[in-house]
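Contents: one structure, followed by commentary.
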Number of protein chains: 4
Amino acid sequence: MPEKQQSPTGRPRDPDVSERLIAAALEEYARTGWQSFTMQGVARRAGVGKSALYRRWTTKEELLIAGVESVALPLSETSDSGNLREDLTDAATRILHHFLDPTGWATLRISVDSTASPTMLDPFQERVTQAIRSGITAIFTHAADRGELTSDVPVRPLVESLVGSILVHVLSMPFDVRDDARQNAAAHVEPLVDVIMRAASPQPCP
Amino acid sequence: MPEKQQSPTGRPRDPDVSERLIAAALEEYARTGWQSFTMQGVARRAGVGKSALYRRWTTKEELLIAGVESVALPLSETSDSGNLREDLTDAATRILHHFLDPTGWATLRISVDSTASPTMLDPFQERVTQAIRSGITAIFTHAADRGELTSDVPVRPLVESLVGSILVHVLSMPFDVRDDARQNAAAHVEPLVDVIMRAASPQPCP
Amino acid sequence: MPEKQQSPTGRPRDPDVSERLIAAALEEYARTGWQSFTMQGVARRAGVGKSALYRRWTTKEELLIAGVESVALPLSETSDSGNLREDLTDAATRILHHFLDPTGWATLRISVDSTASPTMLDPFQERVTQAIRSGITAIFTHAADRGELTSDVPVRPLVESLVGSILVHVLSMPFDVRDDARQNAAAHVEPLVDVIMRAASPQPCP
Amino acid sequence: MPEKQQSPTGRPRDPDVSERLIAAALEEYARTGWQSFTMQGVARRAGVGKSALYRRWTTKEELLIAGVESVALPLSETSDSGNLREDLTDAATRILHHFLDPTGWATLRISVDSTASPTMLDPFQERVTQAIRSGITAIFTHAADRGELTSDVPVRPLVESLVGSILVHVLSMPFDVRDDARQNAAAHVEPLVDVIMRAASPQPCP
DNA sequence: TATTAAACGAGACGGTACGTCGCGTCTTCTT
DNA sequence: AAGAAGACGCGACGTACCGTCTCGTTTAATA
């Protein structure tokens with residue numbers, strides 16, 4: 001969700017203003033979420049007039065998406081070590097950190113909030129939610145290419161299971177465990193990757 | 001999250017007012033989510049003074065939780081057919097419908113929003129999030145009792161995978177597919193249950 | 001303005017409650033006037049339920065008048081030393097103190113406020129405003145009886161001049177002079193009594 | 001009490017909004033006084049947002065003073081006919097009308113209410129109360145210049161007597177006499193001016 | 001170099017929600 | 001029936017943010 005088109009004539013927009021606005025938006029949102037996220041506050045924190053803000057993004061959602069996609073997009077880049085479990089563990093660890101980070105968590109918030117109405121979903125989903133999914137999908141595709149995966153296993157449910165399990169894991173995590181999860185990410189991620197690996201493996205002999 | 005304690009002396013609270021407030025809260029929230037969810041609006045819709053509302057619940061979260069837990073708690077009751085796949089499919093279908101319902105979706109929204117701060121998480125998680133998890137956990141426990149499950153499979157990651165996969169499935173669903181999901185729930189749920197069944201099954205012969 | 005009639009049957013009213021209410025009313029009003037004078041606050045300060053208050057007086061005005069007339073009525077009792085100037089000075093001094101006292105000042109406030117509407121004026125004026133006037137009127141009557149006053153001087157304007165001059169004197173007094181006025185009342189009163197004495201005296205020889 | 005200072009930068013305030021607010025304030029106050037005088041109501045009647053009102057005046061008092069001083073200030077301009085009695089009668093008549101007018105009466109109300117606390121008194125007194133006093137003081141000064149007044153008569157008590165007598169006269173006036181006072185102002189004013197004239201005249205031969 | 005059109009900060013504007021408090025009425029239990 | 005307690009619908013309080021709108025000033029591309 002880039003900023004709105006500007007007129008070709010006249011003084012050009014100051015790119016520094018855009019940057020400061022996006023940074024301010026993420027900081028404000030990370031504080032306490034929707035509750036205290038105000039356009040006014042973003043402009044104030046950025047040291048910018050309200051007009052400069054509204055000129056670029058008309059709604060809170062547009063502004064947040066602009067800020068959040070820069071954070072989420074890197075998740076689509078995954079490693080390719082030649083070993084499925086290793087790649088999955090690496091990706092899962094990064095997703096776990098993503099959901100444990102305030103700014104990363106914002107991704108989910110916006111996604112959840114925008115799922116309610118048809119208007120907002122599409123632009124955001126294509127950019128953020130899909131970014132996460134596509135990275136893991138690639139891992140499976142590579143593994144299948146290597147023959148590490150029986151071809152009869154559908155990939156999409158596996159991806160949804162892995163991403164979803166990490167999400168629910170964080171979602172149902174008591175607050176004082178979050179620090180532990182940040183430091184011992186591997187221990188938290190391993191059982192979840194295990195589930196996927198079992199499901200992806202060839203089934204027992206009949 | 002029940003309403004705040006009332007004093008033993010004086011005129012007792014009108015339970016009808018509480019009911020109207022909760023109903024109004026769910027209706028308002030289902031409209032467009034946080035955006036247009038105002039205490040003022042809830043009281044107005046319920047035909048009730050603001051004081052009667054604030055007397056019972058101080059914050060929007062408290063109010064929403066009160067309304068939402070009546071919707072979420074039934075999810076903890078699961079079937080016990082004697083067949084693991086059948087029970088999982090049944091539970092998963094209900095969870096899918098839960099997340100496709102505006103009021104049910106509110107459950108997730110609140111959960112996501114409250115995860116940011118330590119204050120809100122605990123009461124809500126224990127009541128709603130855990131309700132969903134505990135139902136599925138029971139299914140696995142029963143299956144293990146029946147010997148349908150190899151004892152070396154940890155249950156918790158399986159639960160998180162199932163719940164999470166349904167969640168991500170809905171989360172990444174284009175808006176115009178939602179109606180289809182409501183009507184053909186089985187088709188949407190089956191691949192996800194499959195993943196869990198594979199992961200829960202005894203592993204291939206070495 | 002006595003309290004409202006009570007039913008002849010049933011439990012009689014507690015007179016102590018009435019007293020505490022009136023005392024509380026005066027204290028509350030003396031604090032910052034109309035601004036912070038609330039029925040709720042009076043009942044709270046008196047340690048009494050709201051119903052006990054509303055049972056006795058329906059409006060703030062009724063309650064205040066009940067409280068204020070006990071303070072104002074003594075002003076109608078004046079000295080009779082046999083000397084006009086002396087009596088006037090004595091009465092004027094007491095009126096000055098009355099207007100310098102927070103509770104006494106409340107008398108004026110209520111009077112001024114109630115003058116706007118026809119409903120409240122009569123009961124209050126007869127009791128309070130007239131109390132002040134009648135005392136001074138009596139002084140002039142006695143002086144006339146003694147022959148100290150030429151009979152052609154109308155009394156009413158003299159009374160109004162004396163009371164009014166004290167009132168305006170206080171009204172236009174800088175705040176930090178009020179303490180001085182309390183201690184050196186005679187110095188403040190003398191010039192005003194002088195004016196009245198000159199006006200009441202026989203006129204210059206032609 | 002002018003409106004609060006505005007910043008030199010940014011969009012300037014709309015003077016029309018200020019005018020509408022002051023007019024609305026006077027109308028609201030004239031209705032039933034303090035009782036029903038609400039900031040909310042003033043803004044509503046003026047067709048203005050509450051913010052525009054609070055931006056200019058923070059309290060009811062400030063707002064009322066702004067509205068009232070435009071009404072009271074003209075009282076400081078008095079006639080100078082060369083005849084003391086005539087000038088006094090003229091001034092007294094105008095003051096009488098001032099106190100009989102709802103808006104003019106507000107002057108007194110505010111004055112009385114603000115006398116209780118030190119904060120409010122000064123700005124109001126200097127502008128309104130003194131305006132009335134200074135006009136009459138000027139009349140006496142001119143008369144003294146003409147030799148119409150014996151120099152040993154102090155002016156201030158005379159002024160206080162005149163203004164005060166009119167005030168008390170109105171204050172103790174039954175409601176149904178007010179109309180008569182408006183129409184036959186001369187008859188009401190004459191006895192009061194008489195008192196002042198007698199007091200101001202040279203005293204009887206010893 | 002002078003013109004010009006938009007960007008920019010600041011903040012006014014009519015609204016509306018916030019959470020609190022007082023209004024006057026009512027309902028409950030206790031004295 | 002009095003009394004203490006407090007719930008009830010209502011609306012004002014003063015603050016903050018909404019999105020739009022003027023202001024005066026700055027800035028780069030065009031004429």
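Just so it is clear: chains get the letters A, B, ... in the order the sequence lines come, proteins before strands, and each one is counted from 1. A quick note: this is a predicted structure, and the numbers were derived from the prediction, not measured. Any value given below was found using the heavy atoms of this structure, including those in side chains, with hydrogens, waters and symmetry copies removed.
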Mind checking G47(A) for me? I need base, sugar-phosphate or nothing, with any heavy atom below 4.0 Å counting as a touch. sugar-phosphate
Would you classify S51(A) as touching base, sugar-phosphate or nothing, given that sugar-phosphate means primed atoms plus P, OP1 and OP2, and contacts are heavy atoms under 4.0 Å?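 Result for S51(A) = base.
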Relative to the 5' end of DNA chain F, which residue comes earlier, Q40(A) or V17(B), by the nucleotide with the nearest heavy atom?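 Closest to the 5' end, via its nearest nucleotide, is V17(B).
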Would you say R44(C) places a side-chain N or O within less than 4.0 Å of OP1 or OP2 belonging to dA4(F)?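 Answer is no, no contact under 4.0 Å.
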Are OP1 or OP2 of dA1(F) and a side-chain N or O of R13(C) less than 4.0 angstrom apart?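 Indeed not, no polar side-chain atom of R13(C) lies that close.
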Interatomic distance where [atom1] belongs to [X] and [atom2] belongs to [N] [whole Å]:
{"X": "Y54(A)", "N": "dC17(F)", "atom1": "OH", "atom2": "P", "value": "11 Å"}
{"X": "D14(B)", "N": "dG6(F)", "atom1": "CG", "atom2": "P", "value": "18 Å"}
{"X": "L53(A)", "N": "dC8(E)", "atom1": "CG", "atom2": "P", "value": "11 Å"}
{"X": "D16(B)", "N": "dA7(F)", "atom1": "CG", "atom2": "P", "value": "17 Å"}
{"X": "R55(B)", "N": "dG22(E)", "atom1": "CZ", "atom2": "C1'", "value": "13 Å"}

Whichever of K50(B) and A52(D) has the more 5' nearest nucleotide on DNA chain E, that residue is A52(D)
Can you work out whether R56(A) or T58(C) has the more 5'-proximal nearest nucleotide on DNA chain E? R56(A)
Sequence neighbours excluded and cut-off under 3.5 Å, please list the side-chain donor-acceptor pairs for residues 20-30 of chain D, or say none.
{"unit_1": "R20(D)", "atom_1": "NE", "unit_2": "D16(D)", "atom_2": "OD2", "d": "3.4"}
{"unit_1": "R20(D)", "atom_1": "NH1", "unit_2": "A46(D)", "atom_2": "O", "d": "3.1"}
{"unit_1": "E27(D)", "atom_1": "OE1", "unit_2": "R45(D)", "atom_2": "NH1", "d": "2.7"}
{"unit_1": "E28(D)", "atom_1": "OE2", "unit_2": "R45(D)", "atom_2": "NE", "d": "2.9"}
{"unit_1": "E28(D)", "atom_1": "OE2", "unit_2": "R45(D)", "atom_2": "NH2", "d": "3.1"}

Across nucleotides 23-31 of chain F, 5' to 3', mark each nucleotide with B, S or - according to how protein heavy atoms within less than 4.0 Å reach it. S--BBS---
For L63(C) and F37(C): C-alpha separation, side-chain torsions, deciding distance, then whether side chain to side chain contact (heavy atoms under 4.5 Å, CB included) applies. CA-CA 11 Å; L63(C) 171 56; F37(C) 180 73; 4.1 Å; yes
